[in-house]
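This report refers to the structure that appears directly beneath it.
Just so it is clear, the structure is predicted and the values come from calculations on it, not from any experiment.
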Amino acid sequence: MLFKRKGKLRKEYNQKLIHNMEHAKQEWFRNRSLVKLSIDYNEDLICQTKLAEAKYFFLFKEVKKRNIIME
């Protein structure tokens with residue numbers, strides 16, 4: 001009984017991790033396209049882009065470490 005719950009929780013948190021990774025990727029790509037389209041140098045936007053990139057790669061490494069197969 002205890003082991004069934006462990007598997008269920010693992011699946012649930014793996015799905016949350018994949019969802020967060022996809023959201024971070026979308027945010028990173030959106031910020032990156034805004035930086036490319038902007039005329040002026042906007043330091044805040046560049047910082048947000050680098051932060052979104054770092055979040056995405058952190059989550060990507062976690063998915064890889066957990067051996068999660070994305071569907």
Contacts of F29 meeting ring pair (Phe, Tyr, Trp, His ring centres under 6.0 Å) (sequence neighbours excluded), chain-then-number -> none

If you look only at pairs with a residue in residues 25-36, which of them pass as a side chain to side chain donor-acceptor pair (under 3.5 Å), with sequence neighbours excluded? none

Residues two or more places apart in sequence or in another chain: which of them pass side-chain hydrogen bond (donor to acceptor under 3.5 Å, both in side chains) with R66? N14, E62

Contacts under 3.5 angstrom, residues 42-60 side chains, donor-acceptor by atom type, not counting sequence neighbours:
unit_1, atom_1, unit_2, atom_2, d
N42, OD1, D44, N, 3.3
T49, OG1, L45, O, 2.8

Tell me, please, which residues at least two apart from K16 pass salt bridge (charged side-chain N to carboxylate O under 4.0 Å, His left out). E12

